[in-house]
Amino acid sequence: MVSRIIPVEPFDLVIFGGTGDLARRKILPGLFRRYCDGQVLPGARIIGAARSEHDDTEYRQFAADAIREFGGGRACEDGTLEAFLENLSYVTTDARGTQGWDELASRISNDGRIKAFYFSVGPGLFGDLAERLHSYGMADADCRIVVEKPFGRDLASARTLNATLAAHFNESQIYRIDHYLGKETVQNLMAVRFGNMLFEPLWNSQYVDHIQITVAETVGVGGRGEYYDKSGAMRDMVQNHLMQLLCLIAMEPPAKFDPDAVRDEKLKVIRALDPVEPHHIVRGQYDAHAGQEDAHPSYRDAVENPRSSTESFVALKAHISNWRWAGAPFYLRTGKRLAARSSEITVVFKDTPHNIFGADAGRHRNVLSIRLQPNEGITLGVTIKEPGPGGMRLVDVPLDMSFAEALAPDGEDPPDAYERLIMDVIRGNQTLFMRGDEVEAAWAWTDPIIAGWEARKEFPKPYESGSSGPTDADLLMQRDGRKWRGVSP
Ligand code: BG6
């Protein structure tokens, strides 16, 4: 299926942190792919800004290398890459000083085109950047700033960041990225729920027994040990990505698909979350992969902190206290160095009210599973009769749909999350970005959990690399007579 590409008018985009890892892996390759597809038009001005000294030619070479490595195999040899690089330039810029700012201001147009400033830097620089964009006359009422997670490390720091940005920009100009919201299948959650009559009438605790959200990764903390050890899975994944998935699966239908209508409903979900009981949460930390200690060291070796009490795994049971969900728990689980890279949301429906087939037929439940990655798609487990004579024996079979097979049989990859989100910034659509109050509400729910661990001086449970996490996570489910879905690719 050929996707409909709507080009965006040429824009100015300044990437602060333009030589950083995110620019190299995601932002520049993403912009190139949008250029190849005709969405970013020639004439766009993309300006890298960072402390290191480079000229335009060197920056273009940096971008070309990044695109060859991370561009997803897009044709770089037919002149398209060279044409794209023409749109790039670089200004050595000191976020805390004066160097580069006059030059940046002179390169930015005043011809009414959209201007966006990507703060791909640590949050400690947000205030300096915001203030200088104003004092050097680059920030007009229509410009946008893009900020990355982590948006704070607790409620107090998130509030401070929000206040810092609010001193210079309106909320409608601030685009807080959670890249999970840019994933094709995550948006499909809304399409599945609100574009079909089939599911919504059953989407409540009267029909749903429970919901599971799993984001399992095979990677460890790799080269990010220093950041990760101060953060842990709760701050790195649960407070943002899993929380966003929870909101999309649990929220009420918004009156329309518009940024504030959607975000108002998400916010109500976060505010309706009960505090998590300490015995409803399990933290884990991975051990080395047995026999592969050099290639896959333990978490503590990876972060070079032999006494680290940071978690690389979290499983928890959450309750949403509202009419729709009272009585149907949400089980959330995420971890690194698990058996497979597999993210899915599973809605487990209740038993039928009366089993007309008798006790021998066993227990059969409908299970709707939405796979986010890899192999995006939806499977609905349906109960049917086992074929053959000999009475009514029941069996569960999957109604299985792979989005790739159904929508892109020619193997065309959908745009990466960052491509979509950057284009949304230029188009001025905030639906897939977190609002300040949403981020604060998510921290308000997360903070007491982390404070509880710290007060109890709790250490995470060890789990084997390549497993599905600590056994306590299984017990969390077993105590409720339930079971996690297997972590498999
Ligand atoms: C990031 C986290 O936000 O998301 C990483 O900081 C994590 O720790 C990553 O690995 C997962 O993203 P994805 O798109 O690979 O599922």
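For reference, positions follow the sequence shown, starting with 1. Read the numbers this way: they start at 1 and go in the same order the structure lists the ligands and their atoms.
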Would you check, one step at a time, whether the test salt bridge (Lys or Arg N to Asp or Glu O under 4.0 Å) holds for R283 with D472?
-> CA-CA 9 Å; R283 303 165 82 207; D472 284 34; over 6 Å; no
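- Taking the six-membered ring where tryptophan is involved, the planes of F16 and F119 are perpendicular, since the angle between them exceeds 60° and thus also 30°.
- Ion pairing between a basic and an acidic side chain is recognised when a charged N comes within 4.0 Å of a carboxylate O; D236 and K149 show such pairing.
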- [ ] Apply salt bridge (Lys or Arg N to Asp or Glu O under 4.0 Å) to the pair E171 and R435, showing each step before the final yes or no.
- [x] CA-CA 8 Å; E171 182 61 32; R435 215 167 49 189; 5.8 Å; no
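- Using the six-membered ring where Trp is involved, Y35 and F32 have ring planes that are parallel, under 30° apart on the 30 and 60° scheme.
- At distances below 3.5 Å, at least one donor-acceptor pair connects side-chain atoms of R176 with backbone N or O atoms of M434.
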List below, pair by pair, the N or O atoms of ligand 1 and of the protein that are less than 3.5 Å apart, including the distance to 0.1 Å; reply 'none' if no pair qualifies.
from: ligand 1; atom 1: 3 (O); to: K149; atom 2: NZ; distance (Å): 2.8
from: ligand 1; atom 1: 3 (O); to: H241; atom 2: NE2; distance (Å): 2.7
from: ligand 1; atom 1: 4 (O); to: H241; atom 2: NE2; distance (Å): 3.4
from: ligand 1; atom 1: 6 (O); to: K149; atom 2: NZ; distance (Å): 2.9
from: ligand 1; atom 1: 6 (O); to: R224; atom 2: NH2; distance (Å): 2.7
from: ligand 1; atom 1: 6 (O); to: D236; atom 2: OD1; distance (Å): 2.6
from: ligand 1; atom 1: 6 (O); to: D236; atom 2: OD2; distance (Å): 3.3
from: ligand 1; atom 1: 8 (O); to: R224; atom 2: NH1; distance (Å): 2.9
from: ligand 1; atom 1: 8 (O); to: D236; atom 2: OD2; distance (Å): 2.6
from: ligand 1; atom 1: 8 (O); to: K336; atom 2: NZ; distance (Å): 2.8
from: ligand 1; atom 1: 10 (O); to: E217; atom 2: OE1; distance (Å): 3.4
from: ligand 1; atom 1: 10 (O); to: E217; atom 2: OE2; distance (Å): 2.5
from: ligand 1; atom 1: 10 (O); to: K336; atom 2: NZ; distance (Å): 3.1
from: ligand 1; atom 1: 12 (O); to: H179; atom 2: NE2; distance (Å): 3.1
from: ligand 1; atom 1: 14 (O); to: H179; atom 2: NE2; distance (Å): 2.8
from: ligand 1; atom 1: 14 (O); to: K183; atom 2: NZ; distance (Å): 2.6
from: ligand 1; atom 1: 16 (O); to: Y180; atom 2: OH; distance (Å): 2.5
from: ligand 1; atom 1: 16 (O); to: Q373; atom 2: NE2; distance (Å): 2.7

